[in-house]
Amino acid sequence: MKTIGIFGGTFNPIHYGHLRMAQELAVGLNIDSIRFIPSANPPHKSTHNISASHRAAMVDLAIANNPLFHLDDQELKRTGHSYTIDTLQNLRDELGHEVSIILLMGSDAFTQFDTWHRWQEIIMLCHIAMVQRPQASKIEPSRKLSPVLENFLHNHYTETTDDLYTSPAGHITMRQITALDISSTAIRDAFQHSKSARYLMPDSVIDYIQTHQLYK
Ligand code: ATP
């Protein structure tokens, strides 16, 4: 079965933690292509007044030259909150049911998964590949999984990678990747304090931020 990775985020801005995570999962899970989907109007996060089109433009620059990576700006075209369930439903309508869709996320995002809109239906539309994110990269202390989420993980967890290719949706896998303790929060802070963000993100994205005077 063909496999498509879905990587949603605010990407405010995109950095090497995102890019390396997507690359290692693409290779490690044999994913045919990964769609980066910037959230236009995230229900759980502030965008710090950086428009969705700037965030998408930075993703576009960052993934240029990687044939596995594609920008999908569908959430920019919708009004209201950007809900993952709506995005997945659109993808299913577009791709049909004979494609495996794998939603990529860091452990910090998964700890809040049970607050996502219609979260229990999401697993009917895709698999989830979760990676451990270095705890120190988040300003907030790490949250443990709620009992309901523990149970959800237990019910869908698989160690058999084949499960991801033989069914279109329904399984959760956890993968080890190179731990990069990089966050958009720390990068925004660096720009705000005129510190260098070099080697935390692509130079092309740094140039874009400087040209458009973002994160001042
Ligand atoms: P912020 O610091 O503004 O909260 P962020 O760095 O967490 O931003 P997001 O765009 O919110 O970035 O993250 C999108 C997805 O990428 C989430 O699933 C998150 O867990 C994952 N992610 C972000 N940074 C890393 C990293 N360094 N390593 C692994 N996964 C990451």
Side-chain angles (χ1 to χ4, degrees), residues 5-29 31 34-63 69 71-73 75-76 81-84 87-88 101-116 119 122 126-143 145 149 153 172-193 195 197 199-202 205-206 209 214-215:
I6 299 300
F7 193 17
T10 37
F11 301 120
N12 193 19
I14 189 163
H15 52 70
Y16 283 137
H18 297 125
L19 293 163
R20 186 68 203 170
M21 186 258 229
Q23 178 67 20
E24 289 194 27
L25 288 179
V27 173
L29 294 175
I31 299 178
I34 294 191
R35 295 194 190 193
F36 285 67
I37 308 189
S39 176
N41 185 8
H44 298 296
K45 267 194 180 183
S46 159
T47 54
H48 302 274
N49 290 327
I50 304 295
S51 70
S53 55
H54 275 317
R55 292 181 286 106
M58 291 189 277
V59 170
D60 206 23
L61 285 169
I63 65 178
F69 292 174
L71 172 68
D72 180 335
D73 64 357
E75 293 190 358
L76 276 63
H81 280 311
S82 307
Y83 291 124
T84 301
T87 303
L88 288 167
I101 297 181
I102 306 177
L103 183 64
L104 318 182
M105 69 172 85
S107 49
D108 59 311
F110 190 75
T111 57
Q112 298 180 34
F113 186 64
D114 55 345
T115 65
W116 291 21
W119 67 277
I122 289 178
C126 65
H127 302 293
I128 294 174
M130 196 209 314
V131 301
Q132 186 63 39
R133 189 164 174 192
Q135 301 301 335
S137 68
K138 302 302 290 176
I139 284 166
E140 294 164 36
S142 64
R143 281 212 295 140
L145 289 189
L149 214 40
L153 177 59
I172 303 177
T173 184
M174 284 158 92
R175 310 294 295 187
Q176 293 284 349
I177 58 161
T178 307
L180 293 178
D181 189 3
I182 304 174
S183 70
S184 301
T185 302
I187 289 174
R188 289 193 300 273
D189 192 64
F191 280 105
Q192 218 154 27
H193 295 95
K195 290 192 203 139
Y199 306 127
L200 297 175
M201 62 203 304
V205 180
I206 295 178
I209 290 169
L214 307 182
Y215 309 116

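Each residue takes its place number in the sequence, starting with 1. Both counts, for ligands and for their atoms, begin at 1 and track the order of listing.
- Near S183, meaning under 4.0 Å from any of its heavy atoms, are these atoms of ligand 1: 2 (O), 6 (O).
- Inter-residue side-chain proximity for F69 and L19 is flagged as met; some heavy-atom pair is nearer than 4.5 Å.
- Evaluation of the salt bridge (Lys or Arg N to Asp or Glu O under 4.0 Å) test over residues 34-43, restricted to residues two or more places apart or in two chains, returns R35-D72, R35-E94.
- Taking any N or O of H18, backbone or side chain, at least one lies under 3.5 Å from an N or O belonging to ligand 1.
- Assignment of F7 to the shell around ligand 1 is supported, since a heavy atom sits closer than 4.0 Å.
- By the 4.5 Å heavy-atom criterion applied to side chains, V131 and E24 are not counted as neighbours.
- Here the closest non-hydrogen pair linking R55 and I50 is NE-O, 3.3 Å.
- Considering each of G9, A22, G106, the one bringing a non-hydrogen atom nearest atom 17 (C) of ligand 1 is G106.
- Close approach to L180 involves these atoms of ligand 1, each under 4.0 Å from a residue heavy atom: 26 (C), 27 (N).
- For D60, there are no salt bridge (charged side-chain N to carboxylate O under 4.0 Å, His left out) partners two or more places apart in sequence or in a different chain.
- Set against the non-hydrogen atoms of T185, the atoms of ligand 1 under 4.0 Å away are 1 (P), 2 (O), 3 (O), 4 (O).
- The distance from ligand 1 to the heavy atoms of F11 drops below 4.0 Å at these ligand atoms: 10 (O).
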Could you walk me through whether R175 and L25 pass the side-chain contact (heavy atoms from CB on, under 4.5 Å) test, one step at a time? CA-CA 8 Å; R175 310 294 295 187; L25 288 179; 3.6 Å; yes

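- In this structure, F11 and F7 have perpendicular ring planes: the angle between them is above 60°, well past the 30° mark.
- Using a 4.0 angstrom heavy-atom cutoff, H48 does not count as in contact with ligand 1.
- Here H15 has side-chain heavy atoms under 4.0 Å from ligand 1, and that is the only part of it that gets that close.
- Heavy-atom contacts of R188 reach the following atoms of ligand 1: 3 (O) (cutoff under 4.0 Å).
- For ligand 1, the atoms lying closer than 4.0 Å to a non-hydrogen atom of D108 are 19 (C), 20 (O).
- Atoms of ligand 1 found under 4.0 Å from any heavy atom of M105, numbered from 1 in the order shown, are 18 (O).
- Each of I206, V205, I182 was evaluated against I187; a single residue qualifies, I182, per the side chain to side chain contact (heavy atoms under 4.5 Å, CB included) test.
- Shown are I102, I34, I101; of these, the side chain to side chain contact (heavy atoms under 4.5 Å, CB included) with I6 is made only by I101.
- At least one N or O atom of R133 sits closer than 3.5 Å to an N or O atom of ligand 1.
- Which parts of ligand 1 touch G8 is read off a 4.0 Å heavy-atom cut-off, strictly below it: atoms 14 (C), 15 (C).
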